[in-house]
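Predicted model, so just to flag it, every value in this text is computed and none were measured.
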Amino acid sequence: QVQLVESGGGLVQAGGSLRLSCAASGSIFSINAMGWYRQDPGKQRELVAAITSGGSTNYVDSVKGRFTISRGNAKNTVYLQMNSLKPEDTAVYYCVVDLSWPRGDYWGQGTQVTVSS
């Protein structure tokens, strides 16, 4: 099976930074893309950032210029560097990997990010 383990969440003051990490393991043949979703109570789940196997990146407008997604030296790792954090960034952040085989999307359990005013 495919397993994703996230880390790096926590409590930070507005304007501060956090770095989220995600490592995927298991029977992975091919990765199409990896990314981060977030969801806070009362809000729709949204894709925060994604990176394809070719290195192309996409970000939700609200985090452009503040967040950076990157792949680690190990291919099955992904990071989300979050700078200039705002209270509006408070959410549970989920790592997701889109695979060609096993085909489908696989999700981590989430890590809480809380930004205080």
Side-chain angles (χ1 to χ4, degrees):
Q1 65 174 5
V2 178
Q3 181 181 21
L4 278 68
V5 178
E6 302 137 321
S7 63
L11 175 64
V12 66
Q13 187 178 3
S17 299
L18 286 173
R19 182 178 173 89
L20 304 184
S21 300
C22 176
S25 62
S27 300
I28 299 173
F29 282 83
S30 182
I31 296 175
N32 294 324
M34 300 185 75
W36 295 89
Y37 281 80
R38 68 184 180 187
Q39 188 168 28
D40 204 33
K43 297 180 180 179
Q44 295 287 327
R45 184 179 63 189
E46 66 177 353
L47 178 63
V48 180
I51 185 167
T52 69
S53 60
S56 298
T57 59
N58 291 97
Y59 301 90
V60 67
D61 287 344
S62 61
V63 309
K64 289 181 178 177
R66 300 188 297 119
F67 291 11
T68 303
I69 189 169
S70 61
R71 299 286 296 274
N73 291 332
K75 290 187 176 181
N76 294 347
T77 61
V78 64
Y79 303 96
L80 186 66
Q81 179 66 46
M82 305 185 293
N83 298 327
S84 301
L85 283 162
K86 304 175 181 179
E88 302 93 285
D89 297 318
T90 295
V92 177
Y93 285 70
Y94 299 90
C95 180
V96 62
V97 59
D98 177 34
L99 301 182
S100 296
W101 188 263
R103 183 170 180 81
D105 293 340
Y106 298 85
W107 294 73
Q109 291 185 308
T111 183
Q112 177 70 47
V113 172
T114 302
V115 184
S116 62
S117 300

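Atom CG of D98 sits about 7.5 Å away from atom CZ of R103, to the nearest 0.5 Å. Separation of atoms OG (S116) and NZ (K86) is listed at 15.5 Å; rounding is to 0.5 Å. The CG atom of L99 lies 7.0 Å from the CG atom of N32; values are rounded to the nearest 0.5 Å. How far CG of L80 is from OG1 of T111: 11.0 Å, rounded to the nearest 0.5 Å. Residue R19 holds its CZ atom at 10.0 Å from CG of N83, rounded to the nearest 0.5 Å. If you take OG on S7 and OH on Y79, they are separated by 8.5 Å, rounding to the nearest 0.5 Å.
S27 approaches P102 most closely through the heavy-atom pair O-CD, 2.9 Å. The minimum heavy-atom distance between L18 and G8, with the atom names listed, is CD2-O, 3.8 Å.
There is a path of hydrophobic side-chain contacts, each under 4.5 Å, that joins Y59 to Y93. Hydrophobic clustering, with ILVMFWY side chains joined whenever heavy atoms are under 4.5 angstrom apart, keeps M34 apart from Y37. In terms of hydrophobic clustering, with Ile, Leu, Val, Met, Phe, Trp and Tyr side chains grouped at heavy-atom distances under 4.5 Å, I28 and I51 are assigned to a common cluster.
Environment of CD in Q109: sparse, with no more than 12 heavy atoms of neighbouring residues, nucleotides or ligands closer than 6.0 Å.
The shortest distance between side-chain heavy atoms of M82 and V63 does not fall below 4.5 Å. When side chains are defined from C-beta on, N58 does not count as touching L47, because their heavy atoms never get closer than 4.5 Å. Inter-residue side-chain proximity for R71 and I31 is flagged as met; some heavy-atom pair is nearer than 4.5 Å. At a threshold of 4.5 Å between non-hydrogen side-chain atoms, the residues V60 and F67 do not count as touching.
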*Checking salt bridge (charged side-chain N to carboxylate O under 4.0 Å, His left out) for the pair D61/K64: CA distance, chi angles, key distance, verdict?*
CA-CA 5 Å; D61 287 344; K64 289 181 178 177; 3.0 Å; yes
_Set out, in order, the CA-CA distance, both residues' side-chain angles and the distance that settles side-chain contact (heavy atoms from CB on, under 4.5 Å) for E6 and W36, then state yes or no._
CA-CA 10 Å; E6 302 137 321; W36 295 89; 4.1 Å; yes
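If you run side-chain contact (heavy atoms from CB on, under 4.5 Å) between V113 and each of V92, L11, L20, only L20 comes through.
Using bins of under 30°, 30° to 60° and over 60° for the plane-to-plane angle, the ring pair W101/F29 lands in the perpendicular bin. Classification of the Y94-W107 ring pair by plane angle, with boundaries at 30° and 60°, yields perpendicular.
Formation of a donor-acceptor pair under 3.5 Å by the T90 side chain with backbone atoms of V115 is found in this model.
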